[in-house]
Amino acid sequence: MAPSHVLKCCQRVLAWVPVVFIALVVAWSYYAYVVELCVFTISSTAEKVVYLVIFHLSFVMFVWSYGKTIFTSPASPSNEFCLSKADKEQYEKEERPESQQEILRRAAKDLPIYTTTASKAIRYCDRCQLIKPDRCHHCSACDICVLKMDHHCPWVNNCVGFSNYKFFLLFLMYSLLYCLFVAATVLQYFIKFWTLCRRKAAENCPKNELPDTHAKFHVLFLFFVAAMFFISILSLFSYHCWLVGKNRSTIETFRAPTFRNGPDKNGFSLGCSKNLREVFGDEKKYWLLPIFTSLGDGCNFPTRLVIMDPEQLTVSSQNEPAKSSGANQPFPTRPLSESQNRLLASDSQWVESGPEDENVKSGFCNTFCA
């Protein structure tokens, strides 16, 4: 039997097969459209120029966003969510789940987490040996914990999560526009080639028909491929637009996050407008560009369920520091980061809990932008 590391290498190589397939299809579509259609088939110079300009704009944006989705590393939890060496050793020695949970509660009391498991336990990854931030899940394919994990996509050979979710949405949108433009502009030539006169006597053929050349094969299949991909991607893009409007991930749709008051699929929803800003950022001029502009650090997220929690508000109003919450308190009392407070500014105000809370991280994690 082959060693495990050899099998892992084979799996990694095979994982790139869907990406290579898409790359080959895109490369062929470029050749078929630019060379076979625009150069050899279309006779009007003005039509060629217009088609080529719009085609290359959509092609560049499609390839750019697709590349960013593939090569942007999934964002993982920061070191503050890892157990200390002493806590880790104590956790591994304990055999009772209650004692292990007591260790995790002690370690999580200063962390910005508001969700638990269905049994009200601290979410802990035994493989990565860290406390999971809200909306974080372990990906078995990547073998890492991914912040705001949505799903693992084989077509990009990467996890779709906090670091590249915007790129994934733009990839779907530009691929839709790319397929729609190709199918719409190829349609008239597809019809002409499909109904091409096959009479032996060329003089009997209508003058408006195109010559039966090798371009016919490329044009016919180009329309079929573009239409097929457009239909298949449309449903996926529509579904993810709905997810953005609800501020849910694919995982949260099937398994609702559990808060203090119980599971709630809409626990992180702040309204459609604010949900959109959380993914695409505050500056609309960057929304359509595949550059990272998402708000927050991926480790904690604003939620009205936490804001409206009576116990949480009581603790905040008394200006108690997070460390005084006690070992039995599964939820932290730290305020959200500044970048996320902007989303809630019109709804409620956080009360400063103390000097130590001023060190809460805000803005973007630089490692996620790479």
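As the structure is a prediction and not an experimental result, all values here were calculated from the model.
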Worksheet item: In Å, rounded to the nearest 0.5 Å, how long is the span from NZ of K148 to SG of C136?
Response: 13.0 Å
Worksheet item: Shared ILVMFWY cluster between V186 and Y178, side chains joined below 4.5 angstrom?
Response: yes
Worksheet item: Where the side chain of N164 meets the backbone of G161, is there a donor-acceptor pair that is under 3.5 Å apart?
Response: yes
Worksheet item: Parallel under 30°, tilted from 30 to 60°, perpendicular over 60°: which one fits the rings of Y51 and Y33?
Response: tilted
Discussion item. Could you report the tightest heavy-atom contact between F162 and G298, atom names first, then the distance?
Written reply: CZ-N, 3.4 Å
Worksheet item: Should the pair F190 and F224 be assigned to parallel (<30°), tilted (30 to 60°) or perpendicular (>60°) ring geometry?
Response: perpendicular
Response to the item:
Checking R12, K8, R127 against D143 for salt bridge (charged side-chain N to carboxylate O under 4.0 Å, His left out), the one that qualifies is R127
Worksheet item: Do you know which two heavy atoms are closest between S294 and V279, and how far apart they sit?
Response: OG-O, 2.5 Å
Worksheet item: What are the two closest non-hydrogen atoms of K48 and V39, and how far apart are they?
Response: NZ-O, 3.4 Å
Worksheet item: salt bridge (charged side-chain N to carboxylate O under 4.0 Å, His left out) between E278 and R248: does it pass, once the steps are laid out?
Response: CA-CA 11 Å; E278 189 173 306; R248 298 180 197 170; over 6 Å; no
Worksheet item: Could you give the distance from CG (L147) to CG (D297), rounded to the nearest 0.5 Å?
Response: 8.0 Å
Discussion item. Atom CD of residue position E95 - does it have more than 12 heavy atoms of other residues, nucleotides or ligands inside 6.0 Å?
Written reply: no
Item to complete: Name the orientation class of the two ring planes belonging to Y30 and F59 (parallel below 30°, tilted from 30 to 60°, perpendicular beyond 60°).
Response: tilted
Discussion item. In this structure, is the centre-to-centre distance between the rings of F171 and F167 below 6.0 Å?
Written reply: no
Discussion item. Looking at every heavy atom in both Y124 and L130, which two are closest together, and how far apart are they?
Written reply: CD1-O, 3.2 Å
Fill in: Pair N300-R135, side-chain donor/acceptor within less than 3.5 Å
no
Fill in: Closest contact, heavy atoms only, W287 versus G281
NE1-O, 3.0 Å
Item to complete: Answer yes if the side chains of N275 and S269 hold a donor-acceptor pair under 3.5 Å, and no otherwise.
Response: yes
Discussion item. Please determine whether residues V17 and V26 belong to a single hydrophobic cluster, defined as Ile, Leu, Val, Met, Phe, Trp and Tyr linked transitively by side-chain heavy-atom distances below 4.5 Å.
Written reply: no
Discussion item. Against the six-membered ring of Y114, is R260 placed for a cation-pi contact (under 6.0 Å from the centre, within 45° of the normal)?
Written reply: no
Discussion item. Please report the interatomic distance NZ(K274) to CG(N247), rounded to the nearest 0.5 Å.
Written reply: 12.0 Å
Practice prompt. Look at the side-chain heavy atoms of Ile, Leu, Val, Met, Phe, Trp and Tyr, link any pair under 4.5 Å apart, and say whether I144 and F71 land in one connected group.
Written response: no
Worksheet item: What about H218 and Y189, are their ring centers closer than 6.0 Å?
Response: no
Practice prompt. Determine, for K285 against E283, whether the closest basic-nitrogen to carboxylate-oxygen distance falls under 4.0 angstrom.
Written response: yes
Response to the item:
In this structure, CG of L295 is separated from CG of D282 (nearest 0.5 Å) by 5.0 Å
Worksheet item: Less than 4.5 Å apart, any side-chain heavy atom of H151 and any of I251?
Response: no
Worksheet item: When hydrophobic residues are tied together by side-chain contacts of less than 4.5 Å, even through go-betweens, does L170 share a cluster with V160?
Response: yes
Worksheet entry | Minimum heavy-atom distance between R106 and D87, given as atom pair plus value | NH2-OD1, 4.5 Å
Worksheet entry | K68 NZ to L289 CG distance, which is reported to the nearest 0.5 Å | 11.0 Å
Discussion item. Taking the basic N atoms (NZ, or NE/NH1/NH2) and the acidic carboxylate oxygens, is any pair closer than 4.0 Å for K265 and E252?
Written reply: no
Fill in: Flag side-chain contact, heavy atom, 4.5 Å: F268 against D134
yes
Discussion item. Can you confirm whether Y239 sits close enough to L172 that some side-chain heavy atom of one is under 4.5 Å from a side-chain heavy atom of the other?
Written reply: no
Worksheet item: Ring centres of F280 and Y286 under 6.0 Å apart?
Response: no
Worksheet item: Where does the angle between the aromatic ring planes of F62 and Y66 fall among parallel (under 30°), tilted (30 to 60°) and perpendicular (over 60°)?
Response: parallel
Worksheet item: In terms of hydrophobic clustering (I, L, V, M, F, W, Y; side-chain heavy atoms under 4.5 Å; direct or indirect links), are L187 and L52 co-clustered?
Response: yes
Discussion item. Under 3.5 Å, is there a donor on one side chain and an acceptor on the other for K120 and T258?
Written reply: no
Discussion item. Taking the ring of Y165 and the ring of F292, is the distance between their centroids below 6.0 Å?
Written reply: no
Practice prompt. Assign the ring pair F168 / H240 to parallel, tilted or perpendicular, where the plane angle (0 to 90°) is split at 30° and 60°.
Written response: perpendicular
